[in-house]
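Below is one structure; the comments refer to it alone.
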Amino acid sequence: MDTNRLLDTLNPEQREAVTLPFGPALVLAGAGSGKTRVLVHRIAWRIETADTSPQSVLAVTFTNKAAREMRSRVLGLVGPKAQSMWLGTFHSMAYRILSRHTREAGLRSSFTILDEDDQRRLIRQLIREMQVNERDFPPALAQWYINQNKDAGLRAGSVPDGDGQRDRVLHDLYRVYESKLQSLGAADFAELLFRCQDLWQAHPALLESYRSRFREILVDEFQDTNTLQYLWFRTLTGAQGGPFVVGDDDQAIYGWRGGRVEHVLRFAKDFEGTRVIRLEQNYRSSGAILTVANALIAHNPSRLGKTLWTASETGRRPVLFTADDELEEAAYTVSAIESILSGGQPAETIAILYRSNAQSRVFEETLVRNSIAYRIYGGVRFFERGEIKDALGYLRLMADPENDSAFERVFNIPTRGLGEKTLERVRAQARQDGLSLIASAQALARSTAAPAERSTRALSGFLTLLTDMREAIRGLDLAGQVERVIALSRLPEYYQTDDPLRAETRIESLAELVNAAAGFEPDPEAEPASIEFAPLQAFLGQITLAMEPESRTDRPGQIQLMSLHAAKGLEFHTVFIAGLEEGLLPHIRATETTGGLEEERRLFYVGLTRAQRQLYLIRARRRRLRGHYFDTLPSRFLLEIPADHLETAEPRMVTRLPHPRAGYRTRDPSYPAAIGQRVRHPKFGEGTVLSHEGDGPQCRIHVRFEGSGAKWLIWEHARLEALES
DNA sequence: AACACCTGTGTTTTT
DNA sequence: CACAGGTGTT
């Protein structure tokens, strides 16, 4: 094969990195310098020239999305044989390893992965059991303490004794939480990495087999690795390994999540003979944008040092606009967007970035009023939605009836006359006999103590339902099982009566879950498990680690709205960064420490370097926060950019957008209501139509009501009255 | 057990 | 202000 093809499109530094001989390598890749490109080509290069089997490749990315993208790009270069490489997040790699050795790792064969929500629930329960004052130690605080330590690679036993009562209580909670996880045979995210480490330590031969298999280990976004991940990675690599890592210290923005930039330096120390390569040529942004970004980041004292340059033209200077308030901020932005769109630029190449998700609302409303389609990232993720968790509860009980947390979740959903009292009885029985909840529930239901009692009958009914369900899905394919379980659970009917307004959305989510199951591809290497419902089990395992089902709502023609964090790794022709004020960016809570401040500066830097050709920086003189207006100061970061690097924008002629156009209709006449239309609802009063899905009488429309907030309504049932405005 | 009210909270986010 | 989750009431 013509391997030159792999190098033709690279610059000298990229080429040097890609063709390095086996051995530790650190690529310091500036924003837009072709970092992913280098990783992808490095993998392809090793496969094609070093006689490396794709099987020996393990590449770690920060998100599942990045992993998918990288996989498809490698496949594009070397073809389907690359399918067998391991490519994913730290957690999914650890999970994959653990699930092959559950017994040795001391986990149940179908162990549950607790997400943040499950984790907090469990911690709350423990706080109550331990009779700790919930006011002084809110679950969220304990959770933060525990995760902070876990991210730092510290088990409860390794956390140094703090001084003071407070620290002691938290430490105790951590200890109890840890043993609770152990006894449940469950794992939170960090636990996956810990357990994997423990497994390797207890079974050196296993570690050896993984080390000799994965000769080619690569890590992306290295600057954001936390200590736990770093230690895991170092263990797997071993002293003889030659890992290839890529990162940019200027883009480290996850310190609050345990990420430690220092790992970049530590890497070169820990791996003797590390080759360091810098990629400083930026291919993304215009000269004027890059100048601003460089000027800003130069204010961070602790940097490895790196100056981005570009061969592209200077282009237009970034525009700075000062609005009176957040309404004008949005009005200016949207009006600028309108003129860009009218010039023919595709909407999906325009992004609005902000520090906190709460800022999105004004933009949403303004976009809606002007009938501009947008896509918003962030908010409640798919697998965290309540209805999905309900359905997953049933599914988990199918794969593993002894799963206690799943049992508790669906115990009384749909409501079936079982409450806290009955549950506590089951729990007590389980504690006493050392059995699972389901086993104790069966014992209670069978015991003749009070067979006619209402709760006993309800309990029997629930248990029968589970048994029947299990019977009914035997032999079905995965999607069929999911569908059947949802139907038999009668969750849809329950949502319908419980909260008719939200029912439709929820039922749709459940349909999405069936889709996700239909599209699920199991680990091809997994041994054919003899366990019943093995595919279901694999699906459930993967789900918590991949919180967003693949490309659900990606449609062209939509403006992109997201937080600065979420923008990492992306690029847009035109970028608006809003809310450049003290207290917002830098965020008030990050200004107390220099470390925090530097991270905020990097966050802004990440935002600036997302822009390819046009950049708008916007601030408001006053801003409404929790109902009150506050005067603001310009972000100190704006003052760090020399004034002549920016162009100051005059208020647009239209700073206040016209009111929603009465009677305005979208192009498709089958929509019964137009976006921006004023309506009245018999119960919720007056409101404005935000958007709609589907068409005809069954379509759902989203209305923001004054006073009662935004609601999804079914057109047919909503009895809405159109108003003139 | 179910519902209405009330209180506290409110950075970023992947896994 | 807006919402989630928790408490208290029926």
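So that the names make sense, note that chain A is the first sequence line, chain B the second, and so on, each numbered from 1. On a predicted model such as this, the values are computed, not experimentally measured, just so you know.
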Open item on the list: Mind checking if A:N412 touches a base, just sugar-phosphate, or nothing, with heavy atoms under 4.0 Å?
Closed with: sugar-phosphate
Open item on the list: Under 4.0 Å, heavy atoms only, any strand: does A:Y95 hit a base, just the sugar-phosphate, or nothing?
Closed with: nothing
With respect to the phosphate group of [N], does any side-chain polar atom (N or O) of [X] fall under 4.0 Å of OP1 or OP2?
| X | N | value |
| --- | --- | --- |
| A:S563 | B:dT13 | yes |
| A:N357 | B:dT12 | yes |
| A:N64 | B:dT15 | yes |
| A:R589 | B:dT11 | yes |
| A:T415 | B:dA2 | yes |
| A:R361 | C:dA2 | yes |

Task: Watson-Crick or G-U wobble mate for B:dT11, both contacts under 3.5 Å - done: none
Open item on the list: Need the pair for B:dA1. Rule: Watson-Crick or G-U wobble, both distances under 3.5 Å, any strand; none if unpaired.
Closed with: C:dT10
Tell me which nucleotide among [options] gets nearest to the side chain of [X].
| X | options | result |
| --- | --- | --- |
| A:H565 | B:dT15, B:dA2, B:dT12 | B:dT12 |
| A:W256 | B:dT14, B:dT13, B:dT15 | B:dT13 |
| A:R257 | B:dT12, B:dT14, B:dA1 | B:dT14 |
| A:R124 | B:dA2, C:dG6, B:dT15 | C:dG6 |

TODO: If the plane angle is over 60° it's perpendicular, under 30° parallel, otherwise tilted; pick one for A:Y354 and A:F363.
DONE: parallel
TODO: Hey, can you tell me if A:Y210 and A:F214 have their rings parallel, tilted or perpendicular (30° and 60° cut-offs)?
DONE: parallel
Open item on the list: Would you say A:E581 and A:S635 are linked by a side-chain donor-acceptor pair, where the criterion is simply a distance under 3.5 Å?
Closed with: no
Gap between atoms [atom1] and [atom2], on [X] and [N] respectively (whole Å):
| X | N | atom1 | atom2 | answer |
| --- | --- | --- | --- | --- |
| A:Q125 | C:dG5 | CD | C1' | 16 Å |
| A:Q143 | B:dT15 | CD | P | 17 Å |
| A:H587 | B:dG10 | NE2 | P | 10 Å |
| A:Q359 | C:dA2 | CD | P | 17 Å |
| A:R121 | C:dA4 | CZ | C1' | 12 Å |
| A:E221 | B:dT12 | CD | P | 20 Å |
| A:R624 | C:dC1 | CZ | P | 7 Å |
| A:D115 | B:dT13 | CG | P | 16 Å |

Open item on the list: Can you confirm if the NZ or CZ of A:K568 lies within 45° of the ring axis of A:F62 and under 6.0 Å from the centre of its six-membered ring?
Closed with: yes
- [ ] Taking A:T61 for its side chain and A:A66 for its backbone only, find out whether a donor-acceptor pair lies under 3.5 Å.
- [x] no
Open item on the list: Could you tell me how far C:dG5 sits from B:dT12 if I compare only their P atoms? Round to whole Å.
Closed with: 16 Å
Open item on the list: I'd like to check A:V261 versus A:D224 (side-chain heavy atoms, cut-off strictly below 4.5 Å). Are they in contact?
Closed with: no
Open item on the list: If you assign each of A:F90 and A:E599 to its closest nucleotide in DNA chain B, which residue comes earlier from the 5' end?
Closed with: A:E599
